[in-house]
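Here's the structure we're looking at; comments come further down.
Note that this is a predicted model, so its numbers are computed, not measured.
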Amino acid sequence: MNTIVETKHVCKTYGMNGVAVEAIRGIDLTVNAGEFVALVGPSGSGKSSLLYLIGAMDSPTSGEVLFEGRDLAKLRDGPRTDLRAKNIGFVFQTFNLLPTLNAFENIEIAMRLAGMGRSERQSRAAELLGRVGLSERAKHQPRYLSGGERQRVAIARALGNHPRLLLADEPTGNLDSKTGTGILELLRTICSEDGQTVIMVTHDFRAASYADRVLVMRDGRIRGETKLQAGQNINQAMEKLLELELQ
C-alpha cells in the first residue's frame, strides 16, 4: 500500500500562561491510502492537536509530519496552503458553513478558491450534492437545513477538490445518535467505495467502530491500536475498543 501520511517522533508543546503544555509526545504513525483511521480518546488526549499537524494547520515542535513523503514543516506558506487546499479536505464538528450561501454555493466555493474552472466546479458540486442525498436541498441556506444535512454539505464541500486525505474532527459531535450514524455510514461508504483516505477524531467508541483501524490516545501518546473487520458487529467492535482502552 502507498503511504499517504507518516509522522516521525512528533511532539507539540504549547505555551499557556507561561507554562509548557505537551499536547503530543513522540508519536510515530503511518496511514496508508484508502484507510479509514479513527483517533479516539478523552478531551485533552491530543487527538485534535495531532489532526491539525497532519492537516498542515499547525507545525510540530519537533519531529516530522510527512504528506506523501513531503515534510510539511519545510514547505513555505504558499506551497503549504496550496497543498492543503488541493489535497486535504476538512470536516468539523461545527460544520463551518457560510450562512449567506446556499448548500450548492457552500460546496462550490472551496473549489473556486482552489482555482477550479466554473463549469467543472458546478458539475462537481451537483454531483456531490447527489452523492450525499441533498440534490433537492441545493438552494437552501444552512439555517433551513437540519444538523445532519449541514454536515452532509460540509462533507461534500470537503470532497470538492478530490482530496487525497479527508480529516474529520468530531463530525458527529453536534448530532443526535440516529443522525450521527447516518454521517458515519456516509464516511464509511466514501472510504469503501471511493478509496478515500479518512482520519477521524472522536471521543465516542461507537463512532470509532466504523473505522478500519482505531488508535487510542491518552496524554499525548498513542496507547494502543486495533484493526476492525469489515462487517463486524458494532457491539463486538465496541467491546474490543473498550478492552483496548482498559489496557
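The two residues R150 and L145 make their nearest non-hydrogen contact at NE-O, 3.1 Å. Between A154 and V91 the shortest heavy-atom distance is O-CG2, 4.2 Å. Residues T179 and G148 share a closest heavy-atom pair of CG2-CA, 3.3 Å. Nearest heavy-atom pair across I54 and V65 is CA-CG1, 4.0 Å. Nearest heavy-atom pair across D176 and K178 is OD1-N, 3.1 Å. Nearest heavy-atom pair, D169 versus S48, reported as atom, atom and distance to 0.1 Å: OD1-OG, 3.2 Å.
The CD1 atom of I107 sits 3.5 Å away from the CG atom of L129 when rounded to the nearest 0.5 Å. Atom CG of L66 is separated from atom OG1 of T3 by 9.5 Å, given to the nearest 0.5 angstrom. Between the CD atom of E170 and the CG atom of L51 there is a distance of 10.0 Å, given to the nearest 0.5 Å.
Side-chain contact between L167 and L165 is present, with heavy atoms from C-beta onward closer than 4.5 Å. Side-chain contact check for F67 versus I4: some heavy-atom pair is nearer than 4.5 Å. Taking 4.5 Å as the limit, every side-chain heavy atom of V214 sits out of range of all side-chain heavy atoms of S209. Two residues are said to be in side-chain contact when any heavy atoms from C-beta on lie closer than 4.5 Å; N2 and N32 fail this criterion.
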Run the numbers on Q141 and N102 for side chain to side chain donor-acceptor pair (under 3.5 Å), then give the verdict.
CA-CA 4 Å; Q141 292 179 333; N102 62 37; over 6 Å; no

Test side-chain contact (heavy atoms from CB on, under 4.5 Å) applied to L83 and R70, step by step
CA-CA 10 Å; L83 179 147; R70 288 173 286 181; 3.5 Å; yes

Go through it in stages, so that I can follow the logic: the residues are V37 and L215, the test is side-chain contact (heavy atoms from CB on, under 4.5 Å), and I'd like the CA-CA distance, side-chain angles, deciding distance and then a yes or no.
CA-CA 8 Å; V37 176; L215 309 177; 4.1 Å; yes

Check the pair S192 / R188 against side chain to side chain donor-acceptor pair (under 3.5 Å), numbers first and verdict last.
CA-CA 6 Å; S192 300; R188 176 71 264 169; 3.0 Å; yes

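Residues forming a side chain to side chain contact (heavy atoms under 4.5 Å, CB included) with N96 (at least two apart in sequence, or on another chain): F92, T94, R157.
Between R76 and D82 there is no salt bridge, since no side-chain N of the basic residue sits under 4.0 Å from a carboxylate O of the acidic one. Using a 4.0 Å cut-off between charged nitrogen and carboxylate oxygen, R131 and E193 count as a salt-bridge pair. Looking at R25 and D219, no side-chain N of the basic residue comes within less than 4.0 Å of a carboxylate O on the acidic one, giving no salt bridge.
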Ignoring hydrogens and angles, write down the donor-acceptor pairs under 3.5 Å from the side chains of residues 119-126, residues two or more places apart or on other chains.
{"from": "R121", "atom 1": "NE", "to": "E108", "atom 2": "OE2", "distance (Å)": "3.0"}
{"from": "R121", "atom 1": "NH1", "to": "M116", "atom 2": "O", "distance (Å)": "3.0"}
{"from": "R124", "atom 1": "NE", "to": "G160", "atom 2": "O", "distance (Å)": "3.2"}
{"from": "R124", "atom 1": "NH1", "to": "E127", "atom 2": "OE2", "distance (Å)": "3.2"}
{"from": "R124", "atom 1": "NH2", "to": "L159", "atom 2": "O", "distance (Å)": "2.8"}
{"from": "R124", "atom 1": "NH2", "to": "H162", "atom 2": "ND1", "distance (Å)": "3.4"}

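Environment of CZ in R164: sparse, with no more than 12 heavy atoms of neighbouring residues, nucleotides or ligands closer than 6.0 Å. More than 12 heavy-atom neighbours from other residues, nucleotides or ligands sit within 6.0 angstrom of CZ on R80. Counting non-hydrogen atoms of other residues, nucleotides and ligands closer than 6.0 Å to OH of Y144 gives a total of 12 or fewer.
Side-chain N or O atoms of T202 include one that pairs as donor or acceptor with a backbone N or O of D204 at under 3.5 Å. Side chain of N87 to main chain of P163: no donor-acceptor pair is present (N/O by atom type, distance under 3.5 Å, no hydrogens or angles). The backbone N or O of M217 sits nowhere less than 3.5 Å from a side-chain atom of R223 that would complete a donor-acceptor pair. One N or O on the side chain of D28 and one on the backbone of H9 form a donor-acceptor pair closer than 3.5 Å. Side-chain atoms of S59 never come within 3.5 Å of backbone atoms of A73 as a donor-acceptor pair (strictly under, hydrogens ignored). The main-chain N or O of T13 is found under 3.5 Å from a side-chain atom of T61 such that the two form a donor-acceptor pair. Between the side chain of Q151 and the main chain of P171, a donor-acceptor pair closer than 3.5 Å is present. A donor-acceptor pair is defined here as one N or O able to donate and one able to accept, closer than 3.5 Å; such a pair exists between the side chain of T181 and the backbone of S177. A donor-acceptor distance shorter than 3.5 angstrom exists from the side chain of K47 to the backbone of G41, with no hydrogens or angles considered.
Test L39, T226, V40 against V216 for side chain to side chain contact (heavy atoms under 4.5 Å, CB included) and you get one pass: V40.
When only modelled atom types and interatomic distance are considered, R152 and S146 share no side-chain donor-acceptor pair under 3.5 Å.
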